[in-house]
Each structure stands twice: as C-alpha cells, then as structure tokens.
Protein chains: 2
Amino acid sequence: MADLNDDNARERLLNAGRYLFLRQEYHRVSIRRLAERAEVNSAMIAYYFGDKNGLFQAVLLSYIDPMRNAMLERLVQTPELTYAELFRYFFRYAPRDLMRLIIRNALFEPDEHWRWILDKLLRPLLTEVEQRFGRVLPEGPLQRPEQARLALQSLLVFPILGQTLLESVRGAPMDDTFFDDLADYFGLLLDRAFAPETDQ
Amino acid sequence: MADLNDDNARERLLNAGRYLFLRQEYHRVSIRRLAERAEVNSAMIAYYFGDKNGLFQAVLLSYIDPMRNAMLERLVQTPELTYAELFRYFFRYAPRDLMRLIIRNALFEPDEHWRWILDKLLRPLLTEVEQRFGRVLPEGPLQRPEQARLALQSLLVFPILGQTLLESVRGAPMDDTFFDDLADYFGLLLDRAFAPETDQ
DNA sequence: AGTCGCGTTAATCAATCGATTAATGTGGAG
DNA sequence: CTCCACATTAATCGATTGATTAACGCGACT
C-alpha cells in the first residue's frame, strides 16, 4: 500500500493532471503549472510520461477503468432498470468531471486526442453498457433504435454537460435534489412516450 | 455598399475571426494566424479592436443580431408550432457553428468570456424566444416548467452540439435527412409524452 | 505646397510554451 | 567502500505567444 501513496513524482503528477485537465482545456494547462502543482520538477513529466500528451492520456486511463467497473457493478445489481432509475443513477454517479474533460478535449478538437479517446475509452464502454442493458422498445412508431438512443443520450448527457451553463441561467445551483426530481421527471416522460399503444 | 465589402482590414479581420474562432478554441487562435488569414498586419487587431479579446467579442456580436432576427422572423411566421416543426426548424436553421463556439468558449471556461456572453448574447435571446413562443403544457404530472424546458433544451441542443461526436460513433455523417427524421421522431416523442391524460 | 490624420508596416518587447540536456542526488547490491 | 541504476535537479533550447512602438504612406483639405 505504500506504493499507492502520493509522495512519489509519478503519482503526484497524475493527481495534478487530474486536477488541472479537468478544469482547463489541454493547451491552457502548461507543463510548468502541472509540475508546480505537483511540487515536482517539470522534467519529470518527460521522464515518466514521455511528454505532456503522455501524461494527459495517463490521466484519462486512470479514470476510465474505475468508471467502467463502478458503472457496470452498480448497473448489474439492478438489471431491470426503469427509466427513472436509470436517470437517477446516471445523474448521481456519472463522473461529471470526466465527461466534461472528454467533451472539452475531444469533441471540440477532434483532430488531436479525439480518435484515441473514442477508440480506447468511449466505444468499448458504450458497447459494453449497451450490450448488457439494451432495452427493447414496445411496438409502435417510436421503435427506431438509433433515434431512441439519441433521445436517451440527450436527456442523460445534456443536463450534466451543461450544468454550469444552466446554473448560470437559472441563477441557482443544481443540487442533488434537483437532479433527483429531474430523473423522476425524465423517467415519467419516457415512460409515457414509450408506453405501448393504447387504442386507435 | 462599398463600405460593406471585405477589402478593408477591419472586415477582413472579422471574417478571419469568424473562420478561426469557430474552428478552434480561443487560446489556440493566435493573433498572427488571424492576421495571416486576413492578409493584414497583426497590429491592425490592436488598432481596430484594442486586443485579441476585442476582436473575439466583435465576432460574437456580428453573429448574434442576425441570428436573433432570423430566428424570430422565421418563428413568427408559424406562431402555432408543433414540436416536430420546432425540432425541424431548429435542426435546420440553428447556427451550429455559433452554438459550438459559445459552448466551447463559455461553458468550459466560465471565468473568461462566460459572463459577458451570457449577459450580452444568450439571456436576451432566450428570454425573448421564450416570451414569444412559450407553450403551455396540458394538465398532468409533466406540467413542471423548469424540467420540461430542460428536457426540450436537451433534445434540441445535444444532437447539434454532439454532431461530431455522434458521427464518429456511428461512422456516418448526419445529413439533413437524418436530422429531419430525428425532428419527426422527437416531435412524436414529446407529443406522446405531453399528451393530455387519457383515462385511468 | 504644406500639413494633418487615418491607416498600415516592420521590428521588437517580455513572457511563456514544450522539450531537452548535463549534472547531481540517492539508496541498495556486490 | 564502490558501483550502478534509478530518480531528480537546474539550466537552457528554439519557437511562439499577445502586445507595443516608431516610422511611414497617402489622400484630403487649406
């Protein structure tokens, strides 16, 4: 357990990267500020990670495995998930900082880290979750998998992604209570929309 | 009309800013590349806009007024909008590049341009659109304005915002046909969810 | 012709960027 | 103690950043 503490340069740099890369865009985080926050010489980045990008990818990798395990473990415990439960779970336990980090550094600069993030991190996780928890919609005009998936993704991701934006607009923070209410609301919305045809 | 052509330095810089700021994050766009693209001396930025940030704000302002006018003009023509029409209109005519620009430079760097963008650009537009086209939901458990608005915003914004991401995941571009289908699907989804209570 | 002001240019500033180097510290094995 | 591999340091590299300056071109007006 002594090899997991944070008094060695590599771990300290990872922690500094987790802190800084989550809060600022990649090019705004300089090697010197990383080293300064880690209280480590800036050359240690090249020593342990090759270059700045190596540290960045190491930070992402250090997030992705615990996230996948945690998500799958929790989801496995409730295999028959209602939409409300799914929203509530996701709003509570999704690593919001990591989501924003990925969006910020990949979605808007697709030529740099994007391909790597997509292939190494995102696609395996998405396919695995989907395989385990794919829902079959009832018969009806809404049974179009791609569109249904996009609707679900929008409702899941946007409130988290735009939390800062939304809090500024509404002038009040979105606490857990708000997200719980939102989860119930979205769950009810999808239940009604995806409900089997009644008549006519 | 001769004062609207693009052979003067100020207009050329605005065009360069429109091009570059839409495609890269603020700090990735250097004064020299702006001047180079505008085929203008880099000192002209300071001359006309004070500094780089002045040019950036001028670029945003040059977008926002035509956008507001275009949106309101088109929306006024169809005051009684179905959800499908609203989605279709938004997916077609919303300035996606500008949306991404605002998100990229404000949502994720709230301490820099964020407050200015929100107060000057976003809030007036949102309140104006909402005042003119606020819909009244039918009675029922889904009549909660804030949550309903957030659901609508999610379905409207996320597909546009994440277009690059989604295209990479699905491996094919999302053309107008896809967005039209998506508009119909989302419209139907909300119609069903927000439909008045039937019985029980 | 003179001159005033707007527009423009080349040159340069200090600061910071990512990266590299050579020298040095350190701690354990032989 | 010696040696060697690993870890760390200070210093510096060339490149680029945003910004500023002094000089200059030039048309308009007197």
Side-chain angles (χ1 to χ4, degrees), chain A residues 2-60 101 104-106 108-109 111-114 116, chain B residues 2-60 101 104-106 108-109 111-114 116:
Chain A
D3 56 343
L4 283 182
N5 60 10
D6 59 341
D7 58 352
N8 61 83
R10 203 188 120 90
E11 209 59 34
R12 297 183 64 83
L13 279 173
L14 278 176
N15 283 330
R18 292 193 190 97
Y19 184 89
L20 291 176
F21 284 131
L22 284 186
R23 286 162 179 77
Q24 292 216 331
E25 195 261 349
Y26 178 79
H27 297 91
R28 292 268 288 162
V29 180
S30 71
I31 280 184
R32 284 171 180 78
R33 290 207 303 130
L34 284 163
E36 181 182 357
R37 180 167 185 88
E39 291 177 305
V40 146
N41 191 284
S42 64
M44 306 305 311
I45 294 177
Y47 183 78
Y48 281 114
F49 304 99
D51 56 7
K52 175 185 170 186
N53 192 49
L55 172 57
F56 175 76
Q57 296 190 355
V59 167
L60 283 182
L101 185 153
R104 167 166 53 233
N105 287 285
F108 295 119
E109 303 267 359
D111 46 347
E112 301 219 7
H113 314 293
W114 167 234
W116 182 85
Chain B
D3 57 343
L4 283 183
N5 60 10
D6 59 341
D7 59 351
N8 61 83
R10 202 187 121 91
E11 209 60 35
R12 297 183 63 83
L13 279 173
L14 278 177
N15 283 331
R18 292 193 191 98
Y19 183 88
L20 291 175
F21 283 130
L22 284 187
R23 284 161 180 77
Q24 291 215 332
E25 194 261 350
Y26 177 79
H27 297 91
R28 293 267 288 162
V29 179
S30 72
I31 280 185
R32 283 169 182 79
R33 290 206 301 130
L34 284 163
E36 182 183 356
R37 179 167 187 90
E39 291 176 308
V40 146
N41 191 283
S42 64
M44 306 304 315
I45 294 177
Y47 183 77
Y48 281 114
F49 304 100
D51 55 8
K52 175 185 169 186
N53 191 49
L55 171 57
F56 176 76
Q57 295 191 356
V59 167
L60 282 184
L101 185 153
R104 170 166 54 234
N105 288 285
F108 294 120
E109 303 268 0
D111 46 347
E112 301 218 8
H113 315 292
W114 168 234
W116 182 84

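Letters A, B, ... mirror the listed sequences (proteins, then strands); counts begin at 1. All heavy atoms count here, side chains included; hydrogens, waters and symmetry mates do not.
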- request: Answer yes or no: is there a side-chain heavy-atom contact under 4.5 Å between Leu14(B) and Val59(B)?
  value: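 Sidechains of Val59(B) and Leu14(B): in contact.
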
Check: Asn53(A) main-chain N/O paired with Tyr26(A) side-chain donor or acceptor under 3.5 Å: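 Judged by distance alone, yes, a pair lies under 3.5 Å.
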
query: Out of dG18(C), dT20(D), dA10(D), which nucleotide sits closest to the side chain of Ala43(A)?
result: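 Closest nucleotide to the Ala43(A) side chain: dA10(D).
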
Residue Arg32(B), side-chain heavy atoms: nucleotide from dC13(D), dG18(D), dT9(C) that is nearest: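 Nearest to the side chain of Arg32(B) among the choices is dG18(D).
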
Rounded to the nearest angstrom, tell me the gap between atom [atom1] in [X] and atom [atom2] in [N].
| X | N | atom1 | atom2 | value |
| --- | --- | --- | --- | --- |
| Asn41(A) | dA19(C) | CG | C1' | 12 Å |
| His27(B) | dA19(D) | NE2 | P | 10 Å |
| Arg28(B) | dG18(C) | CZ | P | 11 Å |

query: For dT16(C), does OP1 or OP2 lie under 4.0 Å from any side-chain N or O of Ser30(A)?
result: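 The answer is no; no side-chain N or O of Ser30(A) sits under 4.0 Å from OP1 or OP2.
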
message: Does dT8(D) have its OP1 or OP2 closer than 4.0 Å to a side-chain nitrogen or oxygen of Tyr48(A)?
response: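 The answer is yes; a side-chain N or O of Tyr48(A) sits under 4.0 Å from OP1 or OP2.
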
task: Assign each of Arg10(B) and Gly50(A) to its nearest nucleotide of DNA chain C by heavy atoms, then name whichever residue's nucleotide is nearer the 5' end.
output: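 Final value for this comparison: Arg10(B).
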
query: Among Ile31(A), Leu13(A), Leu34(A), which one satisfies side-chain contact (heavy atoms from CB on, under 4.5 Å) with Ser42(A)?
result: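 Only one option passes, and that is Ile31(A).
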
task: Test for a donor-acceptor pair under 3.5 Å between the base of dA7(D) and the side chain of Asn8(A), counting only N and O atoms.
output: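 By the distance-only test, no, there is no pair.
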
